[in-house]
Protein chains: 2
Amino acid sequence: MKPAIPKVTVQRLPVYLRCLEDLPAGQGSVASDELAAMAGVNAAKVRKDLSYLGSYGVRGVGYDVERLRLQIGLELGLERDWAVVIVGVGNLGRALANYSGFGERRFQIVGLFDADPRKVGQSVDGLTVEPMSRLGPVVSERGARIGIVSTPAHAAQQVADQLAAAGIRSILNFAPTVIKPLDGIDIRRVDLSTEIQVLSFYLNRNGS
Amino acid sequence: MKPAIPKVTVQRLPVYLRCLEDLPAGQGSVASDELAAMAGVNAAKVRKDLSYLGSYGVRGVGYDVERLRLQIGLELGLERDWAVVIVGVGNLGRALANYSGFGERRFQIVGLFDADPRKVGQSVDGLTVEPMSRLGPVVSERGARIGIVSTPAHAAQQVADQLAAAGIRSILNFAPTVIKPLDGIDIRRVDLSTEIQVLSFYLNRNGS
DNA sequence: ACATGTGAAGCGCTTCACAGCG
DNA sequence: CGCTGTGAAGCGCTTCACATGT
């Protein structure tokens, strides 16, 4: 069995993928230092990261761009479609529903849900917002595996529980709160205001 | 001089702060294991992290909630207002402009900019979208230190350069691309579709 | 000649385990 | 006694430096 890929490497793979796509169309191969410069890391790290995928580089030349793209995509599970539901259709939920970066990677939004009856029935990005009672049926009918939580903080835990009950296996949490671990469910948190607070820490430290 | 606070600790401080705020109003003190459970980390890490701020706990009791809140806020520079500008008023930019999490932490949006003349003049969350030519004057007049980039990928580098030229010191990049390091500027990247790809990696690995 | 792939060293964070203190 | 604060050990990632391969 292949050794497990370190978590930090997994997080960098999408970045490398994006860099490969930004390369000029004609470029057939790319060296680790070039990719490193684009991704904002150093060359040794690129080589080590890519070595976990197997040996796809050519010594003296570099990496075949197309082959590496396929390989990273395969590793990230991007060669297939993933059905995604979004719960919480506020400003952020709407922005996520419209976000083209998901579609490019074959993440398809197959359901939008909101607890607010005034939002139910609205149309967002070609989908109709449905009531929470429809969550279970929609998840199973449309085979959704990933759920996005973009509700206010106070609703997030309950929504996560409902997603788990509906059969969702992975949750991306944009609500500004921590969801407690759920059995067999992978939860990732993206907190928009955490990031700005980190900036503020360093601004504050390095002289107003 | 105090030892520097590890980067990973800085990233957790906003989480602890949020947990402290979620505590019931009457609760005067909190133990490291309780805070750890809320934040989704272990107790030793909480204690080590908080020890970098100084010794604000009471042995046999725990941490004074109010004091700890103030201390973390102070460390993160949240006791003062920070003026923020947003460039790129698409779906995401609008969501960020409306995002209440920024205001709660005294980050004030003082300017919205877009290169698209059709967007200029629109009103979003009480602010009028201005043309890029106004970036420099607005940043200096309103003392903005932080810039948020929520443009398409292809525009991000140029916008970052313009923000730097305008006097911005810290950039939060939501565009799905890497901005190359700029002298004296702290850049943080938040890539919404990176996170979902990481989920997909683990889904893919742990059996469809 | 040149760039990858990789042991090994280095480094920083995590976790342990317990001394210290209220 | 209970919980913090912290040296020290453990662990995983980063970086180096060069052997390896074309």
Side-chain angles (χ1 to χ4, degrees), chain A residues 1-16 19-20 23 27-69 71-72 75 181 194 198 201-202, chain B residues 1-16 19-20 23 27-69 71-72 75 181 194 198 201-202:
Chain A
M1 183 181 147
K2 259 195 291 201
I5 300 182
K7 285 196 247 300
V8 282
T9 295
V10 173
Q11 299 201 54
R12 281 188 295 264
L13 291 179
V15 181
Y16 298 144
C19 294
L20 291 173
L23 247 22
Q27 186 166 347
S29 75
V30 61
S32 60
D33 10 12
E34 191 182 357
L35 200 49
M38 295 178 79
V41 301
N42 74 28
K45 198 179 278 180
V46 169
R47 291 200 299 277
K48 188 69 104 181
D49 282 342
L50 298 184
S51 77
Y52 293 116
L53 311 184
S55 292
Y56 295 108
V58 181
R59 289 165 200 244
V61 179
Y63 299 88
D64 182 279
V65 173
E66 193 49 29
R67 186 172 183 198
L68 190 53
R69 242 164 62 171
Q71 194 54 35
I72 294 177
E75 206 64 59
T194 289
V198 173
F201 172 89
Y202 290 108
Chain B
M1 181 182 151
K2 261 196 289 202
I5 299 182
K7 285 197 244 306
V8 283
T9 295
V10 173
Q11 299 201 53
R12 281 189 294 264
L13 290 180
V15 181
Y16 298 144
C19 294
L20 291 173
L23 247 23
Q27 185 166 346
S29 75
V30 61
S32 60
D33 14 11
E34 191 181 357
L35 199 48
M38 295 178 79
V41 300
N42 73 30
K45 198 179 279 178
V46 169
R47 291 200 299 277
K48 187 69 101 180
D49 283 342
L50 297 184
S51 77
Y52 293 116
L53 311 184
S55 292
Y56 295 108
V58 180
R59 290 165 200 244
V61 179
Y63 299 89
D64 182 280
V65 173
E66 193 50 30
R67 186 172 181 196
L68 190 53
R69 243 165 60 171
Q71 194 55 35
I72 294 177
E75 206 64 59
T194 289
V198 173
F201 171 89
Y202 290 108

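Reminder, nothing fancy here: chain letters follow the sequence lines and each chain counts from 1.
- The side chain of A31(B) lies closest to dC3(D), out of dT15(D), dC16(C), dC3(D).
- Taking atom CG of residue D64(A) and atom P of nucleotide dT4(C), one finds them 13 Å apart after rounding to whole Å.
- Between the CG atom of D49(A) and the P atom of dT14(D) there is a distance of 7 Å, rounded to whole Å.
- Whole-Å rounding puts the E34(B) CD to dG2(D) P distance at 17 Å.
- Residues L35(A) and L68(A) are in side-chain contact: their nearest non-hydrogen atoms beyond the backbone lie under 4.5 Å apart.
- Taking every side-chain heavy atom of S51(B) into account, dG5(D) is the closest of dC13(D), dA17(D), dG5(D).
- Distance L68(A) CG to dA3(C) C1': 14 Å, rounded to the nearest Å.
- In this structure, OH of Y56(B) is placed 12 Å from P of dT6(D), rounded to the nearest angstrom.
- By the 4.5 Å heavy-atom criterion applied to side chains, E34(A) and L23(A) are counted as neighbours.
- Atom-to-atom, OH of Y63(B) to P of dG22(C) comes out at 15 Å; the value is rounded to the nearest Å.
- At a cut-off of 3.5 angstrom, the base of dT4(C) holds at least one donor-acceptor pair with the side chain of R59(A).
- The A44(A) side chain lies nearest to dC16(D) when the options are dC18(C), dC16(D), dT4(C).
- Under 4.0 angstrom from either OP1 or OP2 of dC13(D) there lies no side-chain N or O belonging to K45(A).
- Taking the nucleotide of DNA chain D with the nearest heavy atom to each of V61(A) and V8(A), the more 5' of the two is matched to V8(A).
- Using a 4.5 Å heavy-atom cutoff, the side chains of L53(B) and I5(B) are in contact.
- Checking the phosphate oxygens (OP1, OP2) of dG20(C), no side-chain nitrogen or oxygen of R47(B) falls inside 4.0 Å.
- In this structure, L35(B) places its CG atom 14 Å from C1' of dC3(D), rounding to the nearest Å.
- Atom CG of L50(A) is separated from atom P of dT6(C) by 12 Å (rounded to the nearest Å).
- Phosphate proximity of dC3(D) to S32(B): absent, as no side-chain N or O sits under 4.0 Å from OP1 or OP2.
- Checking dG5(D), dA8(C), dG7(D) against the side-chain heavy atoms of K48(B) singles out dG7(D) as nearest.
- The distance from the CG atom of D64(B) to the CD atom of Q27(B) is 11.0 Å, given to the nearest 0.5 Å.
- The OG1 atom of T9(A) lies 9.0 Å from the CZ atom of F201(B); values are rounded to the nearest 0.5 Å.
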